[in-house]
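Counting begins at 1 with the first residue of the sequence.
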Amino acid sequence: MAQNTEHESFADRLKTAMAHRGLKQSDMIRAASELGSKLGKSQVSQYVSGKTVPRRDVVALLARILDVDEGWLEGAASLQAEPNAPVIPNDERASARHEAADQPSDSDRQHDAPTQRSTSMREFNKSSKLDNVLYDVRGPITDEAARMEAEGQRILKLNIGNTAPFGFRTPDEVIEDMRTQLTDCEGYSEARGLFSARKAIMQYAQLKGIPNVSMDGIYTGNGVSELIQLCMNALLNNGDEILIPMPDYPLWTACATLAGGTPVHYVCDEQAEWNPDVADIESKITPRTKAIVIINPNNPTGAVYPREVLEQIVEIARKHQLMIFSDEIYDRLVMDGFEHVSTATLAPDLPCVTFSGLSKSHMVCGFRIGWMVLSGNKRCMKDFMYGVNMLSNMRLCSNVPGQSIVQTALGGHQSVNNYIVPGGRIYEQRNYIYEALNAIDGVTAVKPKAAFYIFPKLDVEKFNITSDEQFALDLLHEKRILITRGGGFAWPEPDHFRIVFLPRMGVLQEAVEDLADFLEHYRQR
């Protein structure tokens with residue numbers, strides 16, 4: 001609790017100093033740049049919100065920009081200001097200290113009072129490895145939404161694909177099977193996962209046409225998220241480059257960065273229905289490029305890549321001897337009769353890792369059950385597999401009750417099919433959100449082919465938008481709608497945002513009406 005108080009007091013001093021100088025967050029970033037330093041938007045936002053306290057060198061930079069005493073800003077015991085005291089510029093503060101020195105202190109007046117010494121505890125700052133890591137799906141804007149909720153305000157959360165809050169239920173058979181097997185799931189499983197789960201995953205991969213699949217190349221995880229992090233740590237050395245789509249799912253970029261790698265983003269072209277720009281991919285390959293990530297169906301755009309595009313990407317991987325990571329978690333949520341092709345089916349001669357899971361297709365996000373399948377040329381990734389085994393053993397195993405339902409979930413009738421055909425909730429809500437967004441002046445959107453996300457574009461000139469984070473915060477404050485800004489998906493321009501279209505139709509319609517009303521008068525300052 002003491003740490004939170006410290007964070008809040010730093011944030012209070014920072015905001016007071018900024019107000020005194022008449023500076024906004026964007027001004028701080030600009031001033032840092034003029035001084036030859038760099039402050040990120042998320043960095044400043046986290047400092048102002050009290051989520052994070054900066055390192056000493058950043059404190060010095062902030063103090064220089066704000067023209068305040070560094071010690072005061074840092075909150076040193078000897079320089080603590082009264083809660084409501086104004087910020088005193090450095091020259092005035094020095095004068096005030098000289099005047100104070102001429103006055104008798106409380107200890108001079110009270111000789112009989114015991115001497116009290118205060119020593120400040122060193123600060124434990126976050127690792128510098130996190131400096132370039134972002135996960136804005138749950139980031140500073142979500143923190144602000146949580147603060148508003150704590151005040152009693154109701155927030156419509158369109159920022160994350162969490163199915164349960166919107167009335168999507170897990171199939172009864174899946175719940176019954178977990179309940180029946182629960183007493184058998186009290187111990188650890190084998191590190192890769194239960195035999196029954198991995199066997200069902202292997203058969204599912206075979207039905208998809210993935211070549212050279214065997215039980216020893218299948219791993220279950222606490223969602224795909226854990227397995228992505230595991231793979232990045234097993235593969236990447238410091239400075240290794242990995243190609244990741246832009247827009248990306250931010251976990252890929254974050255995990256690659258944490259592992260010491262360098263994410264290199266290739267463009268997915270909005271004008272080509274968000275398909276990858278193959279020429280851009282090849283132009284960004286260097287001798288340090290080790291692998292390529294493909295997210296298909298795509299999050300955040302809902303794109304489904306045609307076979308010919310995947311064949312071209314595989315040919316580039318073959319030419320440059322790249323490992324392929326294919327994130328296919330939404331492969332059972334494809335609409336309009338489009339074909340989903342597993343990338344690994346086109347690359348029997350290349351090392352491939354295919355990711356999938358039950359969170360989305362079976363509406364069990366909280367059960368945290370995902371998997372990955374290693375296929376193709378396993379000879380050239382033996383050492384990588386050794387690293388994967390080591391890391392897999394270190395976490396002992398994934399959630400065993402979650403594993404227990406894989407066999408049931410992948411077999412028999414797939415209830416998700418009822419959602420993605422005409423008349424189904426996801427299908428109809430997809431159609432509505434696509435048409436409704438495009439009907440708003442200044443908004444355009446490509447129709448998603450899969451999943452339950454849409455990635456609309458804003459006319460930045462019409463709305464004078466220079467910061468997508470500010471746009472998201474303004475929408476949250478005025479309409480209590482929480483979305484994820486485009487920059488959270490490594491999109492370089494402030495002109496996109498992602499909406500989750502899971503709410504029931506009535507709620508979704510109200511949300512779009514609120515968005516249209518907001519944009520009718522919105523102009524960013």
Side-chain angles (χ1 to χ4, degrees), residues 6-76 79 81 86-94 122-136 139-144 246 250 253-254 257-258 262-263 265 460 464-474 477 484-496 524-525:
E6 183 179 347
H7 285 197
E8 289 168 3
S9 64
F10 177 86
D12 288 341
R13 289 189 293 275
L14 178 60
K15 286 185 284 190
T16 301
M18 289 170 64
H20 182 79
R21 299 284 297 172
L23 298 178
K24 296 183 293 186
Q25 293 185 30
S26 58
D27 298 324
M28 299 288 287
I29 295 167
R30 191 180 307 109
S33 177
E34 291 171 356
L35 292 172
S37 300
K38 182 178 180 182
L39 282 175
K41 288 187 289 186
S42 292
Q43 275 181 280
V44 178
S45 177
Q46 289 178 2
Y47 302 154
V48 170
S49 66
K51 183 179 178 182
T52 306
V53 172
R55 301 188 309 271
R56 288 185 180 277
D57 59 325
V58 179
V59 172
L61 173 62
L62 295 172
R64 186 179 174 192
I65 293 169
L66 295 166
D67 191 27
V68 296
D69 189 284
E70 181 181 339
W72 173 84
L73 187 60
E74 198 169 27
L79 294 168
V87 176
I88 305 173
N90 285 331
D91 52 350
E92 296 178 27
R93 185 173 298 280
R122 65 171 176 171
E123 291 185 6
F124 293 87
N125 298 323
K126 66 178 176 63
S127 166
S128 60
K129 290 184 291 187
L130 291 167
D131 284 350
N132 297 312
V133 173
L134 292 177
Y135 190 75
D136 276 9
I141 300 169
T142 307
D143 293 339
E144 174 63 8
M246 178 180 68
T253 298
T257 301
L258 278 172
T262 302
H265 292 99
V460 292
N464 194 36
I465 294 175
T466 58
S467 167
D468 56 359
E469 183 173 38
Q470 189 61 52
F471 166 77
L473 281 169
D474 291 341
H477 288 147
T484 305
R485 67 187 186 95
F489 302 96
W491 191 251
E493 302 298 329
D495 59 355
H496 281 77
Q524 197 170 100
R525 294 181 180 179

Is there side-chain contact between Pro263 and Thr257, with at least one heavy-atom pair below 4.5 Å? yes
Do any N or O atoms from the side chain of His20 and from the backbone of Thr16 form a donor-acceptor pair under 3.5 angstrom? no
Is it true that Gln524 and Ser467 share a donor-acceptor pair across their side chains at a distance under 3.5 Å? no
Gap between atom CD of Gln25 and atom CD of Gln470 - 0.5 Å precision: 7.0 Å
Do side-chain atoms of Asp495 reach the backbone of Val460 as a donor and acceptor pair under 3.5 angstrom? no
Output, in order, the C-alpha distance, side-chain angles, deciding distance and verdict of side-chain contact (heavy atoms from CB on, under 4.5 Å) for Val59 and Val53. CA-CA 9 Å; Val59 172; Val53 172; 5.5 Å; no
NZ/NE/NH1/NH2 to OD/OE distance under 4.0 Å, Asp27 and Lys24: no
Distance from Ile141 atom CD1 to Arg485 atom CZ, nearest 0.5 Å? 6.0 Å
Using only atom types and a distance under 3.5 Å, with no angle test, would you say the side chain of Arg13 pairs donor to acceptor with the backbone of Trp72? yes
Any donor and acceptor pair, going by atom type alone, linking the side chain of Glu74 with main-chain N or O of Arg56 inside 3.5 Å? no
Would Thr253 and His265 satisfy side-chain contact (heavy atoms from CB on, under 4.5 Å), going step by step from the backbone distance to the final call? CA-CA 9 Å; Thr253 298; His265 292 99; 2.9 Å; yes
Could you measure the distance from the CG atom of Asp474 to the CD atom of Glu469? Nearest 0.5 Å is fine. 10.5 Å
About how many Å separate CE of Met28 and CD1 of Ile65, when rounded to the nearest 0.5 Å? 5.0 Å
Taking all heavy atoms of Glu493 and all of Asp468, pick out the closest pair and write down the distance. O-OD2, 4.2 Å
Value for CG (Leu14) from OG (Ser49), rounded to nearest 0.5 Å, stands at 10.0 Å
For a side chain to side chain contact (heavy atoms under 4.5 Å, CB included) with Pro54, tell me which candidate from Leu73, Val44, Leu61, Leu62 qualifies. Leu62
